[in-house]
Amino acid sequence: MARPSQEEQHLPGLLREDPGMAGRQTVTVGVDLAARARRTAVCRVVWGPEGGLAVEFVVPEQDEQLLAVVRAADKTGLDCPLGWPSSFVATVLAHHQGGRLPAPVRFEDRADGKPGLDALRFRLTDDLTWKATSMRPPLSVSTDLLGVVALRAAYLLDALATSGVPVPRDGSGPVAEVYPAAALRRWGIRLGRSYKTPGPEARAVREHIVRSLEAGLGWALPETVRTTCVDSHDHLDALVCALVARAVLVGDTLRPRSADEHAAARQEGWIHLPGTDLAVLRRRPHP
């Protein structure tokens, strides 16, 4: 693991790696990215070699501080699309150049007969995630406000690449795209209502999520972490992102299989859906 940078050393509450544990513990980071730094929630998890974990929330006030946290981690789970639909890009380019627009297309029908998602609005990974979870489709990075957040992500990843840390969009590098709500569904944490709205009902759902995560992991979270997650859906999502990053490290996420999926993942990004057993995260990562 890299030595902490000067920016990282000034982050409030950031855990330091024990020199005696070098090579025997791993660090995953979860980022619930927002368009602005002050709305971005960041969770850092240190996984001990003998089981057990340390969890904290980090408050990077500037992009360089956030990048320092990402550089120092073994894997970061980022809740934001890492690319745009290829059909959308081709259509906008043709329109910009004054050419004929490509015909609109949809992905293959779902197993229950529902039409596949619109390839102008959704990426292949969005369509596959929708089919794998039977949830509502993810937000569209090309036609929803999510695109503003994706622009920030693109510049952050470009800054990482400029500093010598390339970030493949398929998640094979230091950053993997994750989707907290879909991860909860994969782990069997069923939600009767949204956990992201204000009010006591959503707070009760967040309490249920935290208890379910603790039960699945077999670990009790620190009280400060538990309280923060119940108080804030952004911080809860950041924690889930860090857990999915761990799933990527231990090889427990769905990866591209076909040539078309690999090609799309390299351009559009790839949502890493975890397996169904949270306890797998206690397994040692692959060397």
Side-chain angles (χ1 to χ4, degrees), residues 26-33 66-67 69-71 73-90 105 107-108 116-117 119-133 135 137-142 146-147 149-183 185-186 237 240-276 280-281 285-287:
T26 57
V27 176
T28 62
V29 165
V31 181
D32 182 51
L33 196 67
L66 175 57
L67 293 173
V69 176
V70 173
R71 292 188 190 101
D74 293 284
K75 181 71 76 170
T76 294
L78 184 65
D79 181 14
C80 180
L82 300 189
W84 279 262
S86 295
S87 292
F88 170 77
V89 174
V105 296
F107 295 109
E108 294 181 0
L117 299 183
L120 275 175
R121 298 187 59 217
F122 297 98
R123 305 168 297 160
L124 176 60
T125 189
D126 298 324
D127 182 74
L128 294 175
T129 296
W130 170 66
K131 290 170 178 170
T133 61
M135 298 170 59
L139 290 175
S140 166
V141 66
S142 60
L146 181 62
V149 184
L151 286 172
R152 183 179 177 217
Y155 277 100
L156 288 170
L157 300 188
D158 182 68
L160 284 173
T162 300
S163 67
V165 185
V167 183
R169 296 174 203 161
D170 62 3
S172 59
V175 177
E177 181 182 339
V178 302
Y179 182 12
R185 175 68 66 94
R186 292 279 298 173
D237 277 349
V240 174
C241 290
L243 297 180
V244 179
R246 174 70 173 190
V248 179
L249 276 182
V250 302
D252 190 46
T253 60
L254 300 180
R255 315 290 175 106
R257 293 174 295 178
S258 69
D260 287 344
E261 290 176 4
H262 279 283
R266 287 192 293 269
Q267 286 191 320
E268 300 180 333
W270 182 265
I271 297 171
H272 279 258
L273 294 176
T276 57
V280 170
L281 304 190
H286 297 305

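The residues of the chain are indexed from 1 along the displayed sequence.
- Between the side chain of T253 and the backbone N or O of A247, no donor-acceptor pair lies under 3.5 Å.
- In this structure, the side chain of S140 engages the main chain of R121 through a donor-acceptor pair within 3.5 Å.
- Here the side chain of R169 pairs no donor or acceptor atom with the backbone of A265 at under 3.5 angstrom.
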Show your working on side-chain hydrogen bond (donor to acceptor under 3.5 Å, both in side chains) between S172 and D170 and close with a plain yes or no.
CA-CA 6 Å; S172 59; D170 62 3; 2.7 Å; yes

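- A donor-acceptor pair under 3.5 Å links the side-chain atoms of S142 to the main chain of L120, judged by distance alone.
- No side-chain heavy atom of V89 sits less than 4.5 Å from a side-chain heavy atom of Q267.
- Residue R246 holds its CZ atom at 4.0 Å from OG1 of T26, rounded to the nearest 0.5 Å.
- Side-chain N or O atoms of R255 include one that pairs as donor or acceptor with a backbone N or O of V248 at under 3.5 Å.
- Contact check for W84 versus L151: side-chain heavy atoms found under the 4.5 Å cut-off.
- With contacts defined as side-chain heavy-atom distances shorter than 4.5 Å, the pair F122/T129 does not qualify.
- In this structure a side-chain-to-backbone donor-acceptor pair under 3.5 Å is present from D126 to R123.
- Distance CD/E268 to CD/E177: 10.0 Å, rounded to 0.5 Å.
- Considering CG of L160 and CG of L67, their distance stands at 5.0 Å, rounded to 0.5 Å.
- Distance alone, capped at 3.5 Å, places no donor-acceptor pair between the D74 side chain and the T28 backbone.
- L33 places a side-chain heavy atom less than 4.5 Å from the side chain of L66.
- Contact annotation: the side chain of P174 never approaches that of T76 to less than 4.5 Å [non-hydrogen atoms, C-beta and beyond].
- Judged by distance alone, with hydrogens and angles left aside, the side-chain atoms of W270 form no donor-acceptor pair with the main-chain N or O of L82 at under 3.5 Å.
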As a quick check of understanding, evaluate side chain to side chain contact (heavy atoms under 4.5 Å, CB included) for L273 and L128, giving each step before the final call.
CA-CA 10 Å; L273 294 176; L128 294 175; over 6 Å; no

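- Within a 6.0 Å sphere centred on CD of E261, other residues, nucleotides and ligands contribute more than 12 heavy atoms.
- Within the 4.5 Å cutoff, side-chain heavy atoms of S163 are placed close to those of R71.
- The main-chain N or O of A242 is never found under 3.5 Å from a side-chain atom of K75 such that the two would form a donor-acceptor pair.
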